[in-house]
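Proteins come first, then strands; the chains are lettered A, B, ... in the order of their sequence lines, and each starts at number 1. Every value quoted in this text rests on a predicted model; they were computed, and no experiment measured them.
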Protein chains: 2
Amino acid sequence: MNSDKPIDICKHCPYTHSCKVHNGVLSKLPKTIVCPEKGDHLFKSEEAFTALYVLCQGSAKATLSDGTSMEKIVQFYHPGDMIGLCAFGNESYQESVEILSYSRVFKIERATFENALAESSALANGMISLLSENLVRRQRNHSSNTLLEAESRLIRFLQDQQVWSASTPSKGSFELCMSRVDIANYLGIAVETLSRLMKKLTQKGLIEAQNRRIAIRNLDFSSM
Amino acid sequence: MNSDKPIDICKHCPYTHSCKVHNGVLSKLPKTIVCPEKGDHLFKSEEAFTALYVLCQGSAKATLSDGTSMEKIVQFYHPGDMIGLCAFGNESYQESVEILSYSRVFKIERATFENALAESSALANGMISLLSENLVRRQRNHSSNTLLEAESRLIRFLQDQQVWSASTPSKGSFELCMSRVDIANYLGIAVETLSRLMKKLTQKGLIEAQNRRIAIRNLDFSSM
DNA sequence: CGTAGAGTTGATTGCGTTCAACTTCAGTGG
DNA sequence: CCACTGAAGTTGAACGCAATCAACTCTACG
């Protein structure tokens, strides 16, 4: 299932504007499509670095094991995101990536990528930019974890998720792709606390929440 | 003060083994030396991306402003560290870097770097690895912020600092390069809490602390 | 209808914050 | 040499946010 041009699936993809494969430096690389199910792993921490991935459809989470058997979620991946950037420093992936819902993923073999990299300085520049952006993005997310209190963090998180889901709008609400446990883990709070905070925000009239469907009403920056 | 070869100062530098300039892909680039004082800024967030830096001697801290006037310290730089990696994604630096003590810093002009990058795929590979490593390093530091409780975080922090200071050993103890305020900020706790924790660790006999001079006694992994 | 997983609610505890006062230290000038 | 000053660090007391444990409800799915 290889292809030297942007693949057909892209034609109807709503995420092309922010997709690294479609409009980025990766568009010309040969790649395959894989369709993992919920619970599948693209790779696990410590595994040998064999491929890069780009998420076309669906969602995934990246976790770090931290030695102590506890797994900390460090990022949620959305369509357009590149996955596997953590593996360049070492010969192995430094985080685990698990699929959260049925997904379509472009897979770029490591050798393919490295050959292309040796020949294209544009690709190199693109990758360096991408890595730098990711460095900043993650930093920004997690620095707010200690600065802001839990409620503000949750608000910010929900706003971010809304943005990522913005391409599939259905009457002002959107669907979270992850469980409460995952959200709590990511935000660094207990599930019970998360539940209480959601209730609180609902009572304030700031959001409406039914299961994973969220509608944001009056979240402005003054409430942060 | 340019030079096309590893500069004289490197001859007596104790950090060459982990220095990106000395033994890395940057060694052949023309560069200058700057010697900023405590309190100086290499650059501030939002400023135009003009140069990359490598810390030879001294120490620095990187902060993120996060909008809310609060500044969060996201990394302490030690000799051998590369500074400015946050600027590749944008045209501007995404964090501020302030010098903590009199330092010597290699400065590599942006144009110089980009020209070299276009011609050397080895440099590109090196930079990608470096960025990937940094991504993982920062992630690991800050994921422990929410996983572990304050005391464990402090222990881990002190151990890390000891490693960075390991090249200047003086009878088992070492000198912290940053203030309590900075440490507290970095660890995400209040200064008072930090003070109490230091006292606690001292009473346990795990460390000895006098001002910024720290001696680590019995810190094993069981206490984490 | 029954089960398992996901999510919620309540009661209690504790870690870390906050505010305020105090101490220590380094630098400066009389 | 000592007194003054301001920054850095410490200590104490009270409060509060979030964790923990436990029981309960809801939902999806067979």
Side-chain angles (χ1 to χ4, degrees), chain A residues 37-39 59 61 68 70-73 98 100-102 144-158 161 175-204 207-214 223-224, chain B residues 37-39 59 61 68 70-73 98 100-102 144-158 161 175-204 207-214 223-224:
Chain A
E37 304 274 349
K38 174 181 177 180
S59 52
K61 64 176 177 182
T68 63
M70 290 286 302
E71 289 264 319
K72 162 79 179 169
I73 298 176
E98 181 183 335
L100 290 176
S101 55
Y102 175 80
S144 65
N145 272 19
T146 52
L147 277 185
L148 291 63
E149 51 185 27
E151 187 177 321
S152 307
R153 267 180 281 157
L154 174 56
I155 291 175
R156 177 171 295 199
F157 172 79
L158 290 175
Q161 295 305 310
E175 195 88 13
L176 291 173
C177 60
M178 69 295 281
S179 71
R180 304 291 156 128
V181 177
D182 284 346
I183 298 175
N185 182 319
Y186 178 74
L187 293 177
I189 61 180
V191 203
E192 297 92 329
T193 305
L194 174 60
S195 182
R196 280 182 254 269
L197 288 176
M198 296 283 279
K199 189 183 175 186
K200 199 174 171 187
L201 292 181
T202 303
Q203 289 174 339
K204 282 187 182 177
I207 64 170
E208 290 171 28
Q210 301 197 17
N211 279 326
R212 295 188 181 187
R213 179 149 290 276
I214 305 291
S223 55
M224 302 179 66
Chain B
E37 304 274 349
K38 174 181 177 179
S59 51
K61 64 176 175 182
T68 64
M70 291 285 304
E71 290 264 318
K72 162 80 178 170
I73 299 175
E98 181 182 336
L100 290 176
S101 55
Y102 175 81
S144 64
N145 271 21
T146 51
L147 277 184
L148 290 64
E149 51 185 27
E151 186 177 320
S152 306
R153 267 181 281 158
L154 174 57
I155 292 175
R156 177 172 295 200
F157 172 79
L158 290 175
Q161 294 305 310
E175 194 88 13
L176 291 174
C177 59
M178 70 293 283
S179 70
R180 304 290 155 129
V181 177
D182 284 346
I183 299 175
N185 181 318
Y186 179 75
L187 294 177
I189 60 180
V191 201
E192 296 93 328
T193 306
L194 174 60
S195 182
R196 281 182 253 271
L197 288 176
M198 297 282 280
K199 190 183 175 186
K200 199 173 171 188
L201 292 181
T202 303
Q203 289 174 339
K204 282 187 183 177
I207 65 170
E208 290 171 28
Q210 301 197 15
N211 279 326
R212 295 189 180 185
R213 179 148 290 276
I214 305 290
S223 56
M224 302 180 64

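- Taking the charged nitrogens against the carboxylate oxygens, A:Lys61 and A:Glu71 have no contact shorter than 4.0 Å, which rules out a salt bridge.
- Spacing between atom NZ of B:Lys200 and atom C1' of C:dG14 amounts to 11 Å, rounded to whole angstrom units.
- Remark: B:Arg196 is not in phosphate contact with D:dG9, judged by side-chain N or O atoms under 4.0 Å from OP1 or OP2.
- Atom pair A:Glu149:CD and D:dG16:P shows a separation of 13 Å (rounding to whole Å applied).
- Of the candidates D:dT20, C:dC19, C:dG16, C:dG16 carries the atom nearest the B:Thr193 side chain, counting heavy atoms from C-beta on.
- Closest to the side chain of B:Ala150, out of C:dT8, C:dG16, D:dT11, is C:dG16.
- One can place CG of A:Leu201 at 12 Å from P of C:dT8, the figure rounded to the nearest angstrom.
- When distances are taken from the side chain of A:Arg180 to each of C:dG10, D:dA19, C:dG7, the shortest belongs to C:dG7.
- For A:Arg213 and D:dT27, a side-chain-to-base donor-acceptor distance below 3.5 Å is absent, hydrogens and geometry of angles not being considered.
- Distance, B:Leu187 CG to C:dT17 P: 10 Å, rounded to whole Å.
- The side chain of B:Ser179 lies closest to D:dG9, out of C:dT9, D:dG9, C:dT18.
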Mind running side chain to side chain contact (heavy atoms under 4.5 Å, CB included) on B:Leu100 and B:Asp182 for me, showing each step along the way?
CA-CA 10 Å; B:Leu100 290 176; B:Asp182 284 346; 3.7 Å; yes
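- When rounded to the nearest whole Å, the span between CG of B:Leu197 and C1' of C:dT17 equals 13 Å.
- Checking D:dT20, D:dT11, C:dT8 against every side-chain atom of B:Lys199, the shortest atom distance belongs to D:dT11.
- Residues A:Ala184 and A:Leu194 share a closest heavy-atom pair of N-CD2, 3.9 Å.
- Here C:dT8 is the nucleotide among C:dT17, D:dT11, C:dT8 with the atom lying nearest to any side-chain atom of A:Ser195.
- In this structure, CG of B:Leu148 is placed 16 Å from C1' of C:dG16, rounded to the nearest angstrom.
- Contact record, A:Met178 with A:Ile183: CG-CG1, 3.5 Å, taken as the closest heavy-atom pair.
- Taking atom CE of B:Met178 as the reference point, atom P of D:dA8 lies 15 Å away to the nearest angstrom.
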